[in-house]
Amino acid sequence: MAMKSKSRSLLPDSILQDIEARRPALARHMARAVVTVVRWDQPAATAPKREAIERACEAGLDLFLATAREARPATAEELQRVAQLGVLQARGGMAIEPVLSAYRVAARVAWNSILRAWREHPDAQADTLVATADYVFSALDQVAISVTKTYLAA
């Protein structure tokens, strides 16, 4: 998903460009963090495949950054994409908690990227950062609800 500046954005264009340039590295970092940090509590053969984790991380990163960039809540389509890892967990008879942990890791990586870009920007305003944080962390709540609903339905 390409990142484009929207008129509603709270973030200056230079910050958006910096985050866009970092996106591929962020997605890889996020997938490594999820594989390393999240305990799936299942034998390796039944844990989600790395490719599924990487796709889920990319979808999560896109969602968290889009909500920050566009100053809006997550869309139903974005939530559906991130909920797919929950479906895989449910179909395998595995717990939902690791998936929710994975998205907390994803949100932390996205937020750290926003903060890093923000600190380097000379015109950064604290009130805008607070409003951006609200969108990112509200998106995390939406993800948790969507993943849990999808998990329970599957």
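None of these values were measured; they are calculated from a predicted model.
Using modelled atom types, no side-chain atom of S146 and backbone atom of Q142 make a donor-acceptor pair closer than 3.5 Å.
Taking both residues in full, the closest heavy atoms of A144 and L100 are given as CA-CD2, 3.8 Å, listed atom of the first, atom of the second, then distance.
Going from atom CD1 of I145 over to atom OG1 of T150 covers 11.5 Å, rounded to the nearest 0.5 Å. Distance check: L63 CG to Q80 CD gives 12.0 Å after rounding to the nearest 0.5 Å. Rounding to the nearest 0.5 angstrom, the gap separating the NE2 atom in H29 from the CG atom in N112 is 7.5 Å. Rounding to the nearest 0.5 angstrom, the gap separating the CG atom in L79 from the NZ atom in K149 is 9.5 Å.
At a threshold of 4.5 Å between non-hydrogen side-chain atoms, the residues E78 and V143 do not count as touching.
Residues V87 and V82 do not share a hydrophobic cluster, defined by chaining ILVMFWY side chains whose heavy atoms lie under 4.5 Å apart. V130 and L140 end up in different hydrophobic clusters when Ile, Leu, Val, Met, Phe, Trp and Tyr side chains are linked at under 4.5 Å.
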